[in-house]
Amino acid sequence: MLATNRDAELYHSAPIPIEKDWIDYNGHLNMAYYNVVFDRGGDEFLSELGFGPTYAAERKLTIYTAEVHICYVQELHLDDVVTVTNQLIDYDSKRLHTYLEIVHKDGWVAATCEVLSLHVDMSGPKVTPFPEDVLPKLEFYMKEHAQLPAPDRVGRAIGVKKK
């Protein structure tokens, strides 16, 4: 679903409640389940782009994740409800670069996720170009999301800075 944010529109997932089995012995959402939340919210955006389960079943084409960078910003707990925002940062003939945020129902960001995804022919499997008929949706979101400021956490490297 599109929702107004800043001057352009980000894609927002449906609400996702934090489940009891996702809570670890520290009393907050276990790090692995942030990935589950990002995956659920990201899959909604991929379906919006035309790459959902029907696309995979009928065309034998799909999206694979090649690289992910997650930043854990604030703890989530049982009974919290979140949505996942999705921003298309860039794409080429075979790849998508997206940025996602887990946003608590009260409006604060719990985590961010930068993803590089590949368009894959499942018969190989091998990376393959996007079909022409899916490009208009990518172009629409690229134009829409290009109006948004670049997120601060896009392109960050991980490491220990030497003083």
Side-chain angles (χ1 to χ4, degrees), residues 1-19 22 31-73 76 81-105 107 109-158:
M1 117 183 46
L2 282 175
T4 301
N5 190 333
R6 296 173 248 183
D7 294 330
E9 295 180 345
L10 291 171
Y11 183 88
H12 286 241
S13 74
I16 302 169
I18 302 305
E19 299 181 17
W22 298 354
M31 65 177 281
Y33 292 100
Y34 283 84
N35 250 335
V36 170
V37 173
F38 279 124
D39 193 49
R40 287 183 181 179
D43 277 352
E44 284 187 38
F45 184 52
L46 289 176
S47 288
E48 167 67 17
L49 292 173
F51 305 119
T54 302
Y55 180 80
E58 291 177 359
R59 293 187 169 196
K60 306 302 182 215
L61 300 169
T62 194
I63 300 294
Y64 280 13
T65 301
E67 185 173 342
V68 174
H69 187 171
I70 295 177
C71 294
Y72 304 95
V73 179
L76 289 169
V81 176
V82 299
T83 58
V84 177
T85 63
N86 292 260
Q87 182 175 353
L88 181 59
I89 301 297
D90 202 1
Y91 75 95
D92 65 13
S93 65
K94 300 177 184 179
R95 299 175 294 181
L96 299 172
H97 180 192
T98 55
Y99 175 79
L100 302 85
E101 291 183 346
I102 296 175
V103 181
H104 188 273
K105 68 180 178 183
V109 174
T112 66
C113 182
E114 185 174 8
V115 182
L116 181 66
S117 302
L118 306 173
H119 186 251
V120 173
D121 178 339
M122 293 187 289
S123 69
K126 62 183 175 188
V127 179
T128 192
F130 297 114
E132 290 292 320
D133 63 307
V134 302
L135 295 177
K137 236 352 168 13
L138 289 172
E139 291 165 6
F140 168 81
Y141 277 100
M142 190 70 245
K143 183 178 177 184
E144 182 71 19
H145 292 172
Q147 298 175 58
L148 299 167
D152 290 340
R153 287 191 170 90
V154 167
R156 289 176 46 156
I158 193 169

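For the numbers below, each heavy atom of this structure counts, side chains included, while hydrogens, waters and symmetry mates do not. FYI, the numbering just counts along the sequence from 1. This is a predicted model, so every value here is computed, not measured.
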Open item on the list: Please find the pair of heavy atoms, one from H145 and one from L10, that lie closest to each other, and give the distance.
Closed with: NE2-CA, 3.8 Å
Task: Nearest-0.5 Å distance that lies between atom CG in L88 and atom CG in L49 - done: 6.5 Å
- [ ] Using a 4.5 Å cut-off on heavy atoms from C-beta on, say whether the side chain of R156 contacts that of H69.
- [x] yes
Task: Minimum heavy-atom distance between M142 and D90, given as atom pair plus value - done: SD-CA, 3.6 Å
- [ ] For M31, look at atom CE and say whether over 12 heavy atoms of other residues, nucleotides or ligands are found less than 6.0 Å away.
- [x] no
Task: Note, E44 side chain near V84 side chain (heavy atom, < 4.5 Å) - done: no
Open item on the list: Do H97 and V154 have side chains that approach each other closer than 4.5 Å (heavy atoms only, starting at C-beta)?
Closed with: yes
TODO: Identify the two heavy atoms, one from P53 and one from S47, that lie closest to each other, and give their separation to 0.1 Å.
DONE: CD-OG, 3.8 Å
- [ ] Can you see which heavy atom on G155 is nearest to which on E114, and at what distance?
- [x] N-OE1, 2.9 Å
Task: Gap between atom CD1 of I16 and atom CZ of R40 - 0.5 Å precision - done: 7.0 Å
- [ ] Begin with the C-alpha distance, continue with both residues' side-chain angles, and end with the deciding distance and a verdict on side chain to side chain contact (heavy atoms under 4.5 Å, CB included) for N86 and T98.
- [x] CA-CA 7 Å; N86 292 260; T98 55; 5.7 Å; no
Open item on the list: Please verify the inter-ring angle class for Y34 with Y72; under 30° counts as parallel, over 60° as perpendicular, anything in between as tilted.
Closed with: perpendicular
- [ ] Could you check if a side-chain atom of E101 sits within less than 4.5 angstrom of a side-chain atom of Q87, using non-hydrogen atoms only?
- [x] no
Open item on the list: Does W22 form a side chain to side chain contact (heavy atoms under 4.5 Å, CB included) with V37? I'd like the steps, not just the answer.
Closed with: CA-CA 10 Å; W22 298 354; V37 173; 3.7 Å; yes
Task: Interatomic spacing from OG1 in T128 to CG in L118 - rounded to 0.5 Å - done: 11.5 Å
- [ ] Give a yes or no on this: more than 12 heavy atoms of other residues, nucleotides or ligands lie within 6.0 Å of atom CG of D133.
- [x] yes
- [ ] Name all residues meeting the side-chain hydrogen bond (donor to acceptor under 3.5 Å, both in side chains) criterion together with K94; count only those two or more places apart in sequence or in a different chain, and write none if there are none.
- [x] none
TODO: Take K137 and E48 through the test side chain to side chain contact (heavy atoms under 4.5 Å, CB included) and record every step on the way to the result.
DONE: CA-CA 8 Å; K137 236 352 168 13; E48 167 67 17; 3.2 Å; yes
TODO: Could you grab the distance from atom CE of M122 to atom CZ of R59, nearest 0.5 Å is fine?
DONE: 11.5 Å
Open item on the list: Quick check: do L100 and F45 have side-chain heavy atoms less than 4.5 Å from each other?
Closed with: no
Open item on the list: Would you compute the distance between atom CG of L76 and atom CD1 of I18 and round it to the nearest 0.5 angstrom?
Closed with: 5.0 Å
- [ ] Measure the shortest side-chain to side-chain distance between H119 and P131 over non-hydrogen atoms and say whether it is less than 4.5 angstrom.
- [x] yes
Open item on the list: Measuring from atom CG of L96 to atom CZ of F51, what distance do you get when rounded to the nearest 0.5 angstrom?
Closed with: 5.5 Å
TODO: Kindly write out the residues that satisfy salt bridge (Lys or Arg N to Asp or Glu O under 4.0 Å) with D92, not counting sequence neighbours, or none if the list is empty.
DONE: R95
- [ ] Please tell me if the side chains of P151 and I89 come closer than 4.5 Å, counting only heavy atoms from C-beta onward.
- [x] yes
Task: Y64 to P125 - nearest heavy-atom pair and separation - done: OH-CB, 3.9 Å
TODO: Please find out if less than 6.0 Å separates the ring center of Y91 from that of Y141.
DONE: no
- [ ] Could you pull out the closest heavy-atom pair between P15 and V81, with the gap in Å?
- [x] CB-CG1, 3.8 Å
